[in-house]
Protein chains: 2
Amino acid sequence: MATTRERIITATAELFRRQGYNGTSLKQVTVAAGAPFGSLYHGFPGGKEELAEVVIEASGAAYRELFEVIADAAPDAVTAVGDFFDGAALVLEETDYVDACPIGTVALEVASTNDRLRRATERVFASWLEAATVRLRAAGVAPGEADDLALVLVAAIEGGFMLSRAARSPEPMRAAGRQVRRLVAASIAAAPVAAAPGTGT
Amino acid sequence: MATTRERIITATAELFRRQGYNGTSLKQVTVAAGAPFGSLYHGFPGGKEELAEVVIEASGAAYRELFEVIADAAPDAVTAVGDFFDGAALVLEETDYVDACPIGTVALEVASTNDRLRRATERVFASWLEAATVRLRAAGVAPGEADDLALVLVAAIEGGFMLSRAARSPEPMRAAGRQVRRLVAASIAAAPVAAAPGTGT
DNA sequence: GTCTATAATTTGATAGAC
DNA sequence: GTCTATCAAATTATAGAC
C-alpha cells in the first residue's frame with residue numbers, strides 16, 4: 001500500500017478527471033483515499049489549492065510518460081499518433097467515458113479564476129508539446145512545422161476527449177486521430193530529408 | 001433592456017464561460033443579471049440544473065449562428081476555416097482569454113456527473129458538427145470524409161481554446177487553425193468533383 | 001406577482017483529544 | 001504525529017412579506 005500522501009494524490013487525480021476541480025470536495029478526496037480528514041491538511045498545508053497543484057503536476061508527468069511509452073513501442077511516428085488516439089478511444093469505452101485527460105477539465109475551470117493552478121496546467125501542456133515536438137522532429141518534420149503539429153495534436157486529443165465524453169462515443173476521438181495522423185504523414189513526406197533521425201538540431 | 005429571464009440567461013452564459021458550472025453560484029448569477037434572487041426560481045423552477053440546460057442550448061445556438069455568419073462571409077470553405085480559428089484567437093486576446101467556447105468547460109464538468117446536462121452538450125456539439133458537415137460537403141468534400149473533418153475541426157477548436165487559455169497565448173488556436181485548414185484544403189483538392197456545390201444529395 | 005429573509009446542507013478549514 | 005469533532009462561510013432552495 002502506498003503512503004497516505006500518495007493515496008490522496010491518486011484519489012484526487014481520479015476525482016478531478018471525473019468531476020473537475022470545483023466539483024470535487026475534500027471530503028470526497030479523503031473518503032476515496034481512505035485517509036482521515038486531518039491528514040489532508042497535514043500533507044498539504046496549503047489546502048485544496050496546494051493539493052491541486054501537486055495533482056496537476058503528477059498527472060501531467062504520468063500522461064507524458066504514457067505518451068513516451070506508446071511512441072517507443074510504435075515502429076514510426078505516424079503509427080504512434082494513431083496508437084495514441086486509438087488507445088485513448090479504447091480506454092474511454094472501457095471506462096464508461098470517465099478515464100479521460102486528467103487535467104483537461106481542471107485546465108478550463110482554472111484558466112480565468114486561479115492563476116497558480118492555471119500556470120501549473122500551462123507547464124504540463126508545455127511539457128507534452130515539447131515531448132511531441134521532439135518526436136516529430138526526429139521523424140523528419142521541419143522544426144517550425146513540428147511545433148504546429150504538436151499543438152494541433154494535443155488540441156485534437158483534448159477536443160476529442162470533450163466530444164467523445166459528451167457523445168459517449170469513441171468516434172470523435174478516432175476521427176481526430178485519423179486526421180492528425182494524415183497531417184503528420186503529409187508533413188513527413190514533404191520534409192527535405194525524410195525519416196532521417198538526428199538531422200534536426 | 002431585455003427581460004429578466006433573458007438577462008439571467010446572458011449573465012449565466014458569461015459566468016459559465018469564465019468559471020464553469022460548478023464554479024458559478026446562483027447568487028453570482030442574480031447579481032450579474034441585476035435581478036433579485038427569487039426571480040431566478042420564478043423563471044427557472046428547476047433551479048440551477050434547468051437554468052444550465054437553457055443556457056447550454058442558447059449558447060450553442062448562438063455559437064452555431066456565428067459559425068454560419070463567418071462561413072457565409074468567406075469566399076470559400078478553406079478561408080472560412082481559417083477565419084473561424086483566427087477570429088477565435090483574436091477574441092481570446094482581446095478579452096484576456098476569457099471569451100472562449102461557452103459550453104466547453106461545462107461539457108467536461110458534467111460529462112460523467114449529470115446526464116441531463118451531458119445530453120444538452122451532446123445536442124449542441126451534434127448541431128455544430130452538422131453545420132460544419134453541410135458546409136464541407138457543399139465545398140466538394142466526400143460525405144464520409146466531411147464527417148471526419150467536421151469532428152476534427154470542432155475538436156481542434158475546443159482543444160485550441162484549452163491550450164490558448166492555459167498558456168494565455170493565441171498561438172495554439174492559430175496553429176490548430178493552420179493545420180485544420182491544411183486538412184480541409186487537401187480533402188477538397190482530392191475530391192472527385194472539386195468545388196461543385198449542389199452535387200451532394 | 002415581485003422580492004426579502006431564512007432554512008437546510010455542504011464546503012474548506014481548524015482546534016484539540018489521543 | 002495521527003486523527004476526530006467542530007467552526008464559519010457559502011451553497012441551493014424555499015417560505016412568506018409586500
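Note that this is a predicted model, so its numbers are computed, not measured.
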* **Ring centres under 6.0 angstrom apart (B/Y63, B/W128)** =>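 Here the rings of B/W128 and B/Y63 have centres that are less than 6.0 Å from each other.
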
* Asked: Is the Lys NZ or Arg CZ of A/K48 less than 6.0 Å from the centre of A/Y21's six-membered ring, within 45° of the axis?
  ->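 Verdict for A/Y21: a cation-pi partner in A/K48.
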
* What salt bridge (charged side-chain N to carboxylate O under 4.0 Å, His left out) pairs are there with at least one residue in residues 90-113 of chain B, not counting sequence neighbours? ->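 Checked against salt bridge (charged side-chain N to carboxylate O under 4.0 Å, His left out) - neighbours excluded - the pairs reaching residues 90-113 of chain B are B/R17-B/D99, B/E93-B/R174, B/D96-B/R168.
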
May I have the list of side-chain donor-acceptor pairs in residues 177-189 of chain A shorter than 3.5 Å, sequence neighbours left out?
unit_1	atom_1	unit_2	atom_2	d
A/R178	NE	B/D148	OD2	2.8
A/R178	NH2	A/E171	OE1	3.2
A/R178	NH2	B/D148	OD1	2.7
A/R178	NH2	B/D148	OD2	3.4
A/Q179	OE1	A/R182	NH1	2.7
A/Q179	NE2	B/D148	OD2	3.2
A/R182	NH1	B/S187	OG	3.1
A/R182	NH2	B/S187	OG	2.9
A/S187	OG	A/E145	OE2	2.4
A/S187	OG	A/L183	O	3.3
A/S187	OG	B/R182	NH1	3.1
A/S187	OG	B/R182	NH2	2.9

Taking C-beta and beyond as the side chain, do [X] and [Y] meet within less than 4.5 Å on heavy atoms?
X     : Y      : answer
A/Y97 : B/R118 : no
A/L26 : A/L51  : yes
B/E57 : B/R123 : yes

* Given side chain to side chain donor-acceptor pair (under 3.5 Å), test B/R18 with A/T113 step by step and report yes or no. => CA-CA 8 Å; B/R18 190 181 309 233; A/T113 59; over 6 Å; no

Write down the protein N/O and nucleotide N/O pairs, taken from nucleotides 10-14 of chain C, whose separation is under 3.5 Å; answer none if there are no such pairs.
unit_1	atom_1	unit_2	atom_2	d
C/dG12	OP1	A/T24	O	3.4
C/dG12	OP1	A/K48	NZ	2.9
C/dG12	OP2	A/L26	N	2.8
C/dA13	OP2	A/Y41	OH	2.8
C/dA13	OP2	A/K48	N	3.1
C/dA13	O5'	A/Y41	OH	3.0

* **Partner residues of A/E130 under the salt bridge (Lys or Arg N to Asp or Glu O under 4.0 Å) criterion, sequence neighbours left out** =>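 In terms of salt bridge (Lys or Arg N to Asp or Glu O under 4.0 Å), with neighbours along the sequence ignored, A/E130 is linked to A/R64.
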
* Interface limits on DNA chain D, where chain B has a heavy atom under 4.0 Å of a nucleotide atom -> D/dT11 to D/dT14

* Asked: Does anything in residues 102-117 of chain A reach DNA chain C, meaning a heavy atom under 4.0 Å, and if so which residues?
  -> none

